[in-house]
Participant: 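Mind having a look at this structure? Questions to follow.
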Amino acid sequence: MVVFVLIVEAVTLVTAASTVTVVPVTRTHWLWFVLLVVASVACLEAAKGMERMREDTVEGTPYVNLLSVWMFAGVLLLPPPLLCALVTLGYLHSWVRVYRFEAPAHRKVFTAASVMLGCLAAYWVLHSVYSGVAETFAAALDGPAGLLAVVAAAVVYRAVNYGLVVAVILATNLDRPVRTALGPATDQLMLAGAVGLGCGVAVVMTARPWWTPLLIVTVLALHTGLLMPQFRDASRNDAKTGLLDAMFWAKLVTDELARARRMDCTVGVLLLDLDHFKRVNDGYGHLAGDMVLRAVADAIKRTVRGRDRVGRYGGEEFAIVLPGLGVDDVRQAAERVRATVAELSVTVFDFDGEEKDVTGLTASVGAAVYPVHGGDRTSLLLAADAALYGAKTAGRDCTRVSGEHSGKMPATRRPPGIQLVPRQADGGR
């Protein structure tokens, strides 16, 4: 599979390089190139959160990217060198801004290569029909012949990109059904919609280039509406904390374990339980408890890496999956989270509606690592849960990794416990 991927990427480089002198690049081409780059960047910036969540939920299946609209518009407007540059910049921006360098680079390189080959193949389909066109295909595509040419180019574009991606997915997910690797049928409709929008973008750019900002809003709105069912499935967030709920978090753990088996790497899991949290609800009210839970959730998200996934496991329990970390790194991550919780001071409203500061929060943390402590999700979570119980019996406010001795906590500084501190009029403590 590595050889196959490298061959595809090498073919892409050779093909892209061979197009440099085929078609001359004019000032008009540069104008369209700049407009398409700006449009794709602006649209992806507006939807980067949705795009990240969508890809997280389709692990092991093909993925239709929002960039398809602008890539196919580039097929109709740009010569091959600028088309290749558009694909490169689009996926580089996606890797930097959407995934913040956390997605595996080899995946993004292969995806960009497959899209580039698809775009170049679609371009040559149109070139074979309209070889005498000097500036752009968008102005020449007219009548039934133009429609058939666009459809043929779109089919070739999809076949090359989709075929290469599905081949890799099938080869690296042998334990999954073939129909999973093919992806949902709605993705084909999405791609058809992206092609149609790309054609519209190209036509408008040739006639009214200053209308491009309007098209950015239109594409984003239509894209969001088309993906609403997927967003509904992907939006598995806990209402009180904004974290992933337990079921969706567990699904992501399963996906991470499947990836770890393929890549022969590790996955860490943390279960965190707030100590004596019932005192907050009983003493200050459930509204105060909800505010504390939200503050703890935000603090955990700030402490872990961007690729780590944090969920609310139930009540005052939180769960974190840490891809790629071994036992020592997981222990350090757990200690950072625990220390962050201990430093929190959360402003809440008590039963009388007065602002107070909740301090002295502590947490017990249990940790387990795949494959050291478990080979599947159930065994890994059981190991982490047992470690959490060990942290509780050891005196709370500590971390235990699965298999460690659960003796009493050493006689060090004991936390004073949860406190409610009145806020002074000047905002001090």
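None of the values given here were measured: they were computed from a predicted structure. In what follows, residues are counted from 1 in the order of the sequence shown.
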Participant: Can you check whether Arg309's main-chain N or O pairs, donor with acceptor, with Trp249's side chain at less than 3.5 Å?
Facilitator: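 Checked: pair present.
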Participant: Which value, rounded to the nearest 0.5 Å, describes the distance between Leu344 atom CG and Thr359 atom OG1?
Facilitator: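 These two atoms lie 10.5 Å from each other.
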Participant: I want to check something: taking the side chain as every heavy atom from C-beta on, are Leu388 and Arg400 in contact at a cut-off of under 4.5 Å?
Facilitator: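 Counting from C-beta outward, Leu388 and Arg400 never come under 4.5 Å.
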Participant: Applying side chain to side chain contact (heavy atoms under 4.5 Å, CB included), run through Leu293 and Leu274 and close with a yes or a no.
Facilitator: CA-CA 9 Å; Leu293 287 175; Leu274 293 179; 4.1 Å; yes
Participant: Is there a donor-acceptor pair under 3.5 Å between the side chain of His373 and the backbone N or O of Leu380?
Facilitator: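 No: the side chain of His373 does not pair with the backbone of Leu380.
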Participant: Could you give me the CA-CA distance, side-chain angles and deciding distance for Val280 and Glu316, then say whether side chain to side chain contact (heavy atoms under 4.5 Å, CB included) is met?
Facilitator: CA-CA 11 Å; Val280 176; Glu316 61 271 17; over 6 Å; no
Participant: At their closest point, which heavy atom of Glu256 faces which heavy atom of Val267, and how far apart are they?
Facilitator: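 Residues Glu256 and Val267, closest heavy atoms: O-CG2, 3.8 Å.
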Participant: Is any side-chain heavy atom of Phe110 less than 4.5 Å from a side-chain heavy atom of Glu9?
Facilitator: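 Yes, close enough: below the 4.5 Å cut-off.
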Participant: Hey, is CE on Met247 packed in by over 12 heavy atoms from elsewhere, all under 6.0 Å?
Facilitator: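 No, not enclosed.
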Participant: Taking side-chain hydrogen bond (donor to acceptor under 3.5 Å, both in side chains) as the test, write out the residues that go with Thr303, two or more places apart.
Facilitator: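 Checked Thr303 against side-chain hydrogen bond (donor to acceptor under 3.5 Å, both in side chains); matches are Thr340.
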Participant: Considering non-hydrogen atoms only, spot the tightest contact between Leu325 and Thr266 and give its length.
Facilitator: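 Scanning both residues completely, I find the closest heavy atoms to be O-OG1, 2.9 Å.
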Participant: To check you understand the geometry: which heavy-atom pair defines the closest contact between Val327 and Val372, and what is its length?
Facilitator: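 So the minimum-distance heavy-atom pair works out to CG2-CG2, 4.3 Å.
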Participant: Checking Arg294 against Asp298 for the salt bridge (Lys or Arg N to Asp or Glu O under 4.0 Å) test, could you report, in this order, the C-alpha distance in whole Å, the side-chain angles of both residues, the deciding distance, and whether it holds?
Facilitator: CA-CA 6 Å; Arg294 184 63 187 237; Asp298 291 342; 3.6 Å; yes
Participant: To the closest 0.5 Å, what do you measure between CG (Leu35) and CH2 (Trp70)?
Facilitator: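 Going from the CG atom of Leu35 to the CH2 atom of Trp70 covers 10.0 Å.
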Participant: Tell me whether Ser94 contacts the main-chain N or O of Gly90 through its side chain, where contact means a donor paired with an acceptor under 3.5 Å.
Facilitator: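 Not a single qualifying donor-acceptor pair exists.
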Participant: Determine, using ring centers only, whether Phe137 and Tyr123 are less than 6.0 Å apart.
Facilitator: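 Yes, the ring of Tyr123 comes within the 6.0 Å limit of the ring of Phe137, centre to centre.
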Participant: Short question: side chain of Arg377, backbone of Ala250 - any donor-acceptor pair under 3.5 Å?
Facilitator: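 Yes.
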Participant: More than 12 non-hydrogen atoms from neighbouring residues, nucleotides or ligands closer than 6.0 Å to CG on Asp282, yes or no?
Facilitator: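 Count over threshold, so yes.
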Participant: Output yes when a side-chain donor or acceptor of Arg97 lies under 3.5 Å from a complementary backbone atom of Leu92, and no otherwise.
Facilitator: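 Checked: no pair found.
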Participant: To check you understand the geometry: which heavy-atom pair defines the closest contact between Ala246 and Tyr313, and what is its length?
Facilitator: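 Between these two residues, the closest heavy atoms are CB-O, 4.2 Å.
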Participant: Grab the two heavy atoms, one from Ser379 and one from Gly375, that are nearest each other, plus how far apart they are.
Facilitator: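 Smallest heavy-atom distance, with atoms named: OG-N, 3.2 Å.
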Participant: Would the distance check show the side chain of Arg338 and the main-chain N or O of Asp397 forming a donor-acceptor pair, the cut-off being under 3.5 Å?
Facilitator: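 Looks like yes, one N/O pair under 3.5 Å.
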Participant: Would you call Val401 and Val330 a side-chain contact if the rule is heavy atoms closer than 4.5 Å?
Facilitator: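 No. Closest side-chain heavy atoms not under 4.5 Å.
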Participant: What is the distance from atom SG of Cys119 to atom CH2 of Trp124, rounded to the nearest 0.5 Å?
Facilitator: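 So the SG of Cys119 and the CH2 of Trp124 are separated by 14.0 Å.
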Participant: Would you say Ser68's side chain and Ala194's backbone share a donor-acceptor pair under 3.5 angstrom?
Facilitator: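 Checking the backbone N and O of Ala194 against the side chain of Ser68, no donor-acceptor pair under 3.5 Å is found.
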Participant: Just checking, is any N or O donor in the side chain of Ser114 or Asn161 under 3.5 Å from an acceptor N or O on the other one?
Facilitator: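 There is such a pair between these side chains.
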Participant: On a heavy-atom basis, which atom in Met205 and which in Trp32 lie closest, and how many Å separate them?
Facilitator: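 Shortest heavy-atom contact: O-NE1, 3.4 Å.
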Participant: Assess the residue pair Arg312 and Glu317 against the criterion (salt bridge (Lys or Arg N to Asp or Glu O under 4.0 Å)); give the C-alpha distance rounded to whole Å, side-chain angles, the decisive distance to 0.1 Å, and a yes or no.
Facilitator: CA-CA 6 Å; Arg312 186 183 180 196; Glu317 288 190 354; over 6 Å; no
Participant: So, taking the atom named CG in Asp308 and the one named NZ in Lys301, what distance separates them when rounded to the nearest 0.5 Å?
Facilitator: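 Asp308 CG to Lys301 NZ: 13.0 Å, rounded to 0.5 Å.
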Participant: Give the intermediate values and the outcome of salt bridge (Lys or Arg N to Asp or Glu O under 4.0 Å) for residues Asp255 and Lys251.
Facilitator: CA-CA 6 Å; Asp255 292 340; Lys251 178 186 179 302; 3.0 Å; yes
Participant: Are side-chain N/O atoms of Thr399 and Glu335 paired as donor and acceptor at under 3.5 Å?
Facilitator: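 Glu335 and Thr399 do have a side-chain donor-acceptor pair below 3.5 Å.
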Participant: Would you say Asp275 and Thr362 are linked by a side-chain donor-acceptor pair, where the criterion is simply a distance under 3.5 Å?
Facilitator: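 Thr362 vs Asp275: donor-acceptor pair found between side chains.
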Participant: Within this structure, what is the CG-CZ distance for the pair Leu197 and Phe72, rounded to the nearest 0.5 Å?
Facilitator: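 Nearest 0.5 Å value for the CG-CZ distance: 11.5 Å.
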Participant: Under a 4.5 Å cut-off applied to non-hydrogen side-chain atoms, are Ser40 and His93 in contact?
Facilitator: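 No, their side chains stay 4.5 Å or more apart.
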Participant: Could you check whether any side-chain heavy atom of Val3 comes within less than 4.5 Å of a side-chain heavy atom of Ile7, counting everything from C-beta outward?
Facilitator: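 Yes, side chains in contact.
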Participant: Checking Val292 against Val348 for the side chain to side chain contact (heavy atoms under 4.5 Å, CB included) test, could you report, in this order, the C-alpha distance in whole Å, the side-chain angles of both residues, the deciding distance, and whether it holds?
Facilitator: CA-CA 8 Å; Val292 170; Val348 302; 4.0 Å; yes
Participant: Any side-chain heavy-atom pair from Val337 and Val304 closer than 4.5 angstrom?
Facilitator: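 Yes, their side chains come closer than 4.5 Å.
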Participant: Is there side-chain contact between Val269 and Leu322, with heavy atoms separated by less than 4.5 Å?
Facilitator: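 They are not in contact (no side-chain heavy atoms under 4.5 Å apart), so the answer is no.
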Participant: Please walk me through it: do Val310 and Leu244 pass side chain to side chain contact (heavy atoms under 4.5 Å, CB included)?
Facilitator: CA-CA 6 Å; Val310 185; Leu244 302 175; over 6 Å; no
Participant: To the nearest 0.5 Å, what is the distance between OH on Tyr370 and CZ on Arg261?
Facilitator: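 Taking OH in Tyr370 and CZ in Arg261, the distance rounds to 5.0 Å.
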Participant: Any side-chain heavy-atom pair from Arg396 and His276 closer than 4.5 angstrom?
Facilitator: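 A side-chain contact under 4.5 Å exists here.
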